[in-house]
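See below for the structure under consideration.
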Amino acid sequence: MSPEASTYMTPVPLVAVAAMFLAAPASAQDAGRAVYPEAARSDVVDVLHGERVPDPYRWMEQMTSEETRAWVDAQERWLDTFVSPVEERGAIAARVVELRSFASRSNPVQRGARSFFNETAAGALHPVLYVQEGEQPPRALLDFAGACEDPSWRSAGITVSPEGRYVAFGVNPGAGEWNRERVIEVETGRVLDDEVRGIGGGGASWRRDEAGFYYTRYPERIEGASLTQEMGRPAVWYHVVGTDQEADVRVYAEEREGWLVSHRVSHDGRWLILSRRHGSSFSGLHDEIAAFDLLTDAPVASLHIPAARFSYEGNEGAVFWLQTTNAAPRRRLVAVDMSLAPGQRELVEIVPQAEESLTGVSVLKERFALSYSRHARSVVRIVDREGRFERELEPTASGSIGWLPDAPERSVCTTSVGGLADPGSIYRVDVSSGETSLAWRPKLSHDPDDFELRQVFYRSLDGTRIPMFVAGKKEALAARSARPLFLYGYGAYGWAASPWYQAHLVAWMELGGLYALPGIRGGGEYGEEWHAASVGVTRQTGIDDYLAAAEFLIEAGYTSSAGLIANGSSASGVVAAAAAMQRPELFGAALVELPKLDMLRYPLFTGGKFLLPEYGSPEEPEAFAALAAYSPYHNVVEGACYPPMLVLVGEEDATSPPLHGYKFVAELQARACPDHPHALEVVRGAGHNYGTSAEQIGETWGDVWSFLMRVMDLEPGRFGS
């Protein structure tokens, strides 16, 4: 389907919206009993810890086999037929495209007298890198459309050298592929011959002399096996500008399975910091901090304290400033003299643990900017280098000021501020005075002020108080009548979930729908204790928090069980699926995006072993019991009437291989009651995302909303050109 660019959604009259939201879910007579494409069931059975574990769709792990491809193609045809009666499908897709079609700009990076930023024109696939010198007009330095050999390739960030002589820029050739790093000379605009491959994230860390940069490299992936092959162990390499990658020098090789390493050169150029952690995490904290003195090339013994985690933030000579959980589950800022022998080092407190959770530290001229999560809302406090409080930055009209970039030589910097209905504006911040001013704002096809974001609190199963955001059009929230509501919860890796701009959710709210984001445990809303409460064998705690959010929203009158949509993506996909299966009466439907759903075999594919500290190992009896208890693929009950589910996967997703969605949907279709449709949406050519172009993303969400409208019997009103 290819909606015309000139086709838009007209505003839905409030009367029509109300009718839409008071509609009942589709009955078996409305949708008919589903007849699905056939999938052969095998008799594969594993025996784990003395228990038989059937895996009837093990063959779907061969995602490129003729049998799997044929089944996926049939699922695609089935879904297309199912949603085709929804007349608004194309118009919704076009509106999502329009809501994504605005010029966007990255937060500028200041190096010397030069400022660098990416800007993506409305409707463009790739950004353009600009450089601005002083008050002169910006100069286009690189069009990523030309740097990418294929339109499906994507930019993968930039790293500017310390004095702005070079920019290392990354491109990603496609799903399942490692990034490639190239170098452009700023003065001439010439792209050099350098090409560094195998980069798994993190980009480049430039030496102070701008002679070269460090990067993290992974073993080459086997062609055709990128979605199943394990990632392997990372290593840190050094590349000299103007040389071939074969001449690069390996600085550090991680030998421990499941460990990751990141790199950073200190602002003064003296230290190469290697931060090592066991497993993936979005918290920014690491288990070990090591340093190499680049003046002497001598390694410094690593800093490791059991049961504590660290993040290097900056230094003054050999004194390192670290964010840590040591004696502070909500984190504190400390200093440590790394020139001392390991047994003589002491953590000297600069800023003690606060009531809020510390989420980030920025080093500025004579000051630190500390980012905190206050009930999942970000606030920024400015302190001097001794930790004395100076001020708290006032929130802008769009929301709270977020993380500020490091600027050790400046007291003025810029930051991007956005929210659920605002894709982000650039603000100039003077930390010495606390003054903020708007520097740049995108032109949008909607008014963010038409939407309201409110915060409520509710009690979970064990009585714990949980924060939750509820959002919608102002009139929809004011009406306080039961409406369809999208319930999204993350609860993983210590990430404090705050609302971010998503075009499809703006389209949903324009129709009068609501959105809720509870800060369930497993996230970092209240520090490491909040995270640890739903990790490994305690993962069910986060699911309980999610279910309690559903009950609260129904009891408070925001929605009804018939209008409540269980939603999760990536790490939270398993939460939404498990919740809908454990309490099917609470939900009218479920949308499970880019998930891992076979929790007994997840460590076997791509980066699965890096997730073991978060989910637990099926090889350990206690963790196996916990995983088996909630793993969606293993808990489909014969004849059970789960709410209609749509599982969305990226065909080339190396983060959450689509095999998880394939196996789960096949099991649902084979065993669950046929009155409630269960479907698979495969985004062709996509990785851990919703499409490779704005049009494909729009079409994806046109399918999603159409499926939900059909199974929940929603009437969105009239659409027109």
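Being a predicted model, the structure only gives us computed values, none of them experimental. In what follows, residues are counted from 1 in the order of the sequence shown.
Relative orientation of the W530 and Y526 rings is perpendicular, given thresholds of 30° and 60° on the angle between their planes. A tilted orientation is assigned to the rings of Y493 and Y490, their planes being inclined by 30° to 60°. Ring geometry, F102 versus Y501: the interplanar angle exceeds 60°, so the pair is classed perpendicular (tilted spans 30 to 60°). Using a 30° and 60° split on the angle between ring planes, F486 and W508 fall in the tilted class, from 30° to 60°. Using the six-membered ring where Trp is involved, F552 and Y558 have ring planes that are tilted, between 30° and 60° apart. The aromatic rings of F451 and H446 sit perpendicular, their planes meeting at an angle over 60°, well past the 30° parallel limit.
Pairing each heavy atom of Y690 with each of V683, the nearest pair is O-CG1, 3.4 Å. The heavy-atom pair separating L597 from G573 by the smallest distance is CD2-O, 4.3 Å. The minimum heavy-atom distance between P677 and F707, with the atom names listed, is O-CZ, 3.8 Å.
The main-chain N or O of A628 is never found under 3.5 Å from a side-chain atom of S631 such that the two would form a donor-acceptor pair. The main-chain N or O of T415 is found under 3.5 Å from a side-chain atom of N107 such that the two form a donor-acceptor pair. The backbone N or O of G522 sits nowhere less than 3.5 Å from a side-chain atom of S534 that would complete a donor-acceptor pair.
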Notebook entry, point to check: Step by step, would you call D598 with H660 a side-chain hydrogen bond (donor to acceptor under 3.5 Å, both in side chains)?
Noted result: CA-CA 6 Å; D598 181 344; H660 287 273; 5.7 Å; no

Checklist line | Stepwise ring pair (Phe, Tyr, Trp, His ring centres under 6.0 Å) test for F664 and H678 | finding: CA-CA 10 Å; F664 178 59; H678 304 296; 8.1 Å; no

Note to self: Test salt bridge (Lys or Arg N to Asp or Glu O under 4.0 Å) on K474 and E452; report intermediate values, then the result.
What the structure shows: CA-CA 5 Å; K474 290 179 178 178; E452 180 183 347; over 6 Å; no

Check: Checking side-chain hydrogen bond (donor to acceptor under 3.5 Å, both in side chains) for the pair Q75/Q669: CA distance, chi angles, key distance, verdict?
Finding: CA-CA 11 Å; Q75 289 290 328; Q669 291 181 347; 2.8 Å; yes

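The cationic atom of K663 (NZ for Lys, CZ for Arg) does not lie both less than 6.0 Å from the six-membered ring centre of Y57 and within 45° of the ring axis. Stacking of R710 on the aromatic ring of F82 is recorded, both the 6.0 Å distance cut-off and the 45° axial limit being met.
The 12-atom threshold is not exceeded at CD of E87, counting heavy atoms of other residues, nucleotides or ligands nearer than 6.0 Å.
Residues D73 and R77 meet the side-chain proximity criterion, which asks for heavy atoms closer than 4.5 Å.
For the pairing with R374, the salt bridge (Lys or Arg N to Asp or Glu O under 4.0 Å) check across E355, E525, E392 returns one residue only, E392.
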